[in-house]
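Atom set for the values below is all heavy atoms of this structure, side chains included, hydrogens, waters and symmetry mates excluded. Naming: A, B, ... by sequence-line order, numbering from 1 per chain.
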Protein chains: 2
Amino acid sequence: MARTKEKKRRDRAEEIREAADQLFCEKGYDGVSMRDIAERAQVNKGLLFYYYKSKADLFELVLARYYEAHREALASAFAAEGTLRERIHRMIEAYMSFMADNQRYARLVQQQVAELETHELIQRNLAPLFEWTISALSGVTDANGPLAARHFWITFSGLVINYFTYAPLIDKLWSGDPLAAEQIAERRAHVHWMVDAILEKLSPAE
Amino acid sequence: MARTKEKKRRDRAEEIREAADQLFCEKGYDGVSMRDIAERAQVNKGLLFYYYKSKADLFELVLARYYEAHREALASAFAAEGTLRERIHRMIEAYMSFMADNQRYARLVQQQVAELETHELIQRNLAPLFEWTISALSGVTDANGPLAARHFWITFSGLVINYFTYAPLIDKLWSGDPLAAEQIAERRAHVHWMVDAILEKLSPAE
DNA sequence: GCATTTTTTGACCGAAAGGTCAAACTTTTT
DNA sequence: AAAAAGTTTGACCTTTCGGTCAAAAAATGC
């Protein structure tokens, strides 16, 4: 008789990482203790330090995974095919999808940005996205002033990310869960509409 | 000889509040200890508890002052005079000015929103702003769907507040301080341009 | 001047934090 | 089966936290 059950050994390191991921997103770095993480992972506290050398280390790992996933998710959208309009819409689409799939991420980034000692990690990951937008928009926006590409970068990314970071608040003002699939689809449509409004005003001829 | 020097007694309660204000904005609630606050206020730690009953209490006071100032700053812009376009621009103007004058506030709100147990304080203060936008836009937007007023509320407020919350990050991507007066003026012009783009697409006839 | 009230201090408390470590337990290698 | 390597545990350490309190100091009323 062959083994019918795959007797998987528990991967403690992974369980700890997942517990840390959940808790950091829920309560923030300072709001979580290593004891909390150990408890959720159903593991002895000492074990956390066997696999990860410190709390800060564990946090950075959780963060780095998200940033990497984010970069990968957007990488395909960077492909320079189609018109500017198509490319931007594709970017927005990828960005919204990633946020919808990784709702914890928005909260994590927000907390990270809120820290004044802005980690070089976040910088390193956002810089490429920034550069892309600037170069993509360079043909249609001004080099400087209120219509400079850099303003549209903030505006575009804000349109997407703000919805998710403010979701807990929106939840209390609207009726219905803003993170439900239909609501997110609605926001997606809104952002696309906004992109069109901006592009139309930037170059009415096209 | 009359008293030439106004020998002002130090207002300890006020000094403590100011120190707490600074530190909470810099490092967040959890990142600051009562010892830190006492040290910055150059006051004995015990005194903090003489004037304020707890750390949470002190934080709420700092927060409440900002919310009140915010509400007051926007109150005049609520006046229902002029066209919709004028009213919205006036609102944006007031909002931007308040943010420029109270740059700490953006960071405080962000930290507050980041906490999952979103305080009823922030809710109570944002609700009126939300209601006003909804009713102001009701004539020109859809009742539901991607062009519902509620989406534009998030979009508008994001346009303003995002610039300030992300300023530390922008600082590292741009050249030049995003919180300098000229830069803020530029963002202000950008947001006004955005408002026009939106309104034009919403009702092209007008 | 004295008595009373209001401020201010420094020493102290228990709880909880991040982190260490030697010993016990499992698994793998030989 | 024994030895070696890799895991897991619980007890323990130091530091820091929010908060208390009795006593000292300063201001006030009479």
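- Ring pair Tyr29(B)/Phe24(B) is parallel by interplanar angle, where below 30° counts as parallel and above 60° as perpendicular.
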Contacts table for residues 134-141 of chain B: side-chain donor-acceptor under 3.5 angstrom, sequence neighbours left out:
| unit_1 | atom_1 | unit_2 | atom_2 | d |
| --- | --- | --- | --- | --- |
| Ser135(B) | OG | Glu131(B) | O | 3.4 |
| Ser135(B) | OG | Trp132(B) | O | 3.0 |
| Ser138(B) | OG | Ser135(B) | O | 2.8 |
| Thr141(B) | OG1 | Leu137(B) | O | 3.2 |

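- Per the geometry, CZ belonging to Arg12(B) stands 12 Å off C1' belonging to dA25(D), to the nearest Å.
- Residue pairs meeting the salt bridge (charged side-chain N to carboxylate O under 4.0 Å, His left out) criterion with at least one member in residues 46-57 of chain B, sequence neighbours excluded, are Lys53(B)-Asp57(B).
- Checking side-chain atoms of Asp171(A) against main-chain N and O of Pro168(A) turns up no donor-acceptor pair under 3.5 Å.
- One atom, CG of Asp11(B), and another, C1' of dT6(C), lie 14 Å apart when rounded to the nearest Å.
- Using bins of under 30°, 30° to 60° and over 60° for the plane-to-plane angle, the ring pair Trp193(B)/His190(B) lands in the parallel bin.
- Taking atom CG of Leu48(A) as the reference point, atom P of dG10(D) lies 14 Å away to the nearest angstrom.
- Near DNA chain D, defined here as any heavy-atom distance below 4.0 Å, the residues from residues 50-60 of chain B are Ser54(B), Lys55(B), listed numerically.
- Side-chain to base pairing of Lys45(B) with dG10(C): no donor and acceptor N or O lie closer than 3.5 Å to each other.
- Atom pair Asp30(B):CG and dG18(C):P shows a separation of 11 Å (rounding to whole Å applied).
- Partners of Arg65(B) according to the side-chain hydrogen bond (donor to acceptor under 3.5 Å, both in side chains) rule, which considers only residues two or more places apart in sequence or in another chain, do not exist here.
- Less than 4.0 Å separates DNA chain D from no heavy atom of any residue of residues 32-41 of chain A.
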Could you walk me through whether Ile170(B) and Phe130(A) pass side-chain contact (heavy atoms from CB on, under 4.5 Å), step by step? CA-CA 10 Å; Ile170(B) 295 168; Phe130(A) 179 69; over 6 Å; no
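- Atom CG in Asn44(A) sits roughly 12 Å away from atom C1' in dC21(C) (whole-Å rounding).
- Rounded to whole Å, the distance from CZ on Phe49(B) to P on dG18(D) is 7 Å.
- Among residues at least two apart or in separate chains, salt bridge (charged side-chain N to carboxylate O under 4.0 Å, His left out) pairs with a member in residues 91-100 of chain B are Glu93(B)-Arg188(B).
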